[in-house]
Amino acid sequence: MIRALDGLEYRGTTLDTIVDVAAADGGVESSSTTPRFFKLGLVPRLFHTVASPPVAYLLFVIGAALLVFEFFTAGVGVAGVVGIACLVLGSYGFGVLPMRGWALALLIAPLVALAIDVQVGIPRFWTGVGILGFTLASVVLYRDGSPCPG
């Protein structure tokens with residue numbers, strides 16, 4: 001595989017995967033193969049992870065739920081700060097993934113319905129509406145129709 005990549009041009013750069021090594025007799029031997037693997041830095045790795053469909057969905061939902069929780073409870077704001085961080089990372093993931101905008105709006109609307117019953121304190125009609133809306137939005141969120149593409 002590494003030999004097949006040698007000399008291949010990718011994004012304007014020619015890949016050099018085989019390194020010539022000096023032989024014992026002073027000649028050049030090219031039978032040695034040295035693979036070169038590069039690891040992304042910490043922040044690019046974070047954004048790469050966040051761009052995964054399940055992670056982006058989970059972060060967005062957790063962030064939105066924490067913001068609803070923070071809105072209806074008294075506290076120092078830890079849940080709100082964590083919720084904002086999760087919501088921002090989840091939004092970034094949604095921004096780079098192939099998703100439907102109307103399905104995102106449909107994902108936010110059930111949160112409002114669920115927040116009504118959170119404020120009342122008893123699960124009633126709006127809890128059912130929220131659960132059904134959340135389920136529908138989760139199924140149609142990504143463009144290829146599956147909850148977890150790729």
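Computed from heavy atoms alone, side chains included, the values below leave out hydrogens, waters and symmetry copies.
There is no path of hydrophobic side-chain contacts, each under 4.5 Å, that joins V118 to V120. Under a hydrophobic clustering in which Ile, Leu, Val, Met, Phe, Trp and Tyr are joined whenever their side-chain heavy atoms come within less than 4.5 Å, directly or via other members, V68 and V78 fall into different clusters. Connection of L42 to F47 is not established within any shared hydrophobic cluster, with ILVMFWY side chains joined at heavy-atom distances below 4.5 Å, either directly or through further cluster members. Criterion: ILVMFWY side-chain heavy atoms under 4.5 Å apart, direct or through other members. Under it, L97 and I108 are part of a common hydrophobic cluster. Note on V81: it does not cluster hydrophobically with L87, by side-chain heavy-atom contacts below 4.5 Å among ILVMFWY residues.
With contacts defined as side-chain heavy-atom distances shorter than 4.5 Å, the pair L114/W126 does not qualify. Put simply, the side chain of V140 reaches to within 4.5 Å of the side chain of W102, judged on heavy atoms. Side-chain contact between Y57 and L107 is present, with heavy atoms from C-beta onward closer than 4.5 Å. You'll find the side chain of L104 reaches within 4.5 Å of the side chain of F60, heavy atoms only. L111 places a side-chain heavy atom less than 4.5 Å from the side chain of F134.
Between A79 and F69, the shortest heavy-atom contact is CB-CD2, 3.8 Å. Between Y142 and P53 the shortest heavy-atom distance is OH-O, 2.8 Å. Shortest non-hydrogen contact noted between L40 and R45 is O-NE, 3.2 Å. Heavy-atom minimum distance, A103 versus A137: O-CB, 3.7 Å. Of all non-hydrogen atoms in G130 and P110, the two that sit nearest each other are O-CB, 3.3 Å.
Without hydrogens or angle criteria, R100 side chain to L141 main chain gives no donor-acceptor distance under 3.5 Å.
Just one residue in the list L89, L67, L66 forms a side-chain contact (heavy atoms from CB on, under 4.5 Å) with I84, and that residue is L67. Among L58, V50, I62, the single residue meeting the side-chain contact (heavy atoms from CB on, under 4.5 Å) criterion with C86 is I62.
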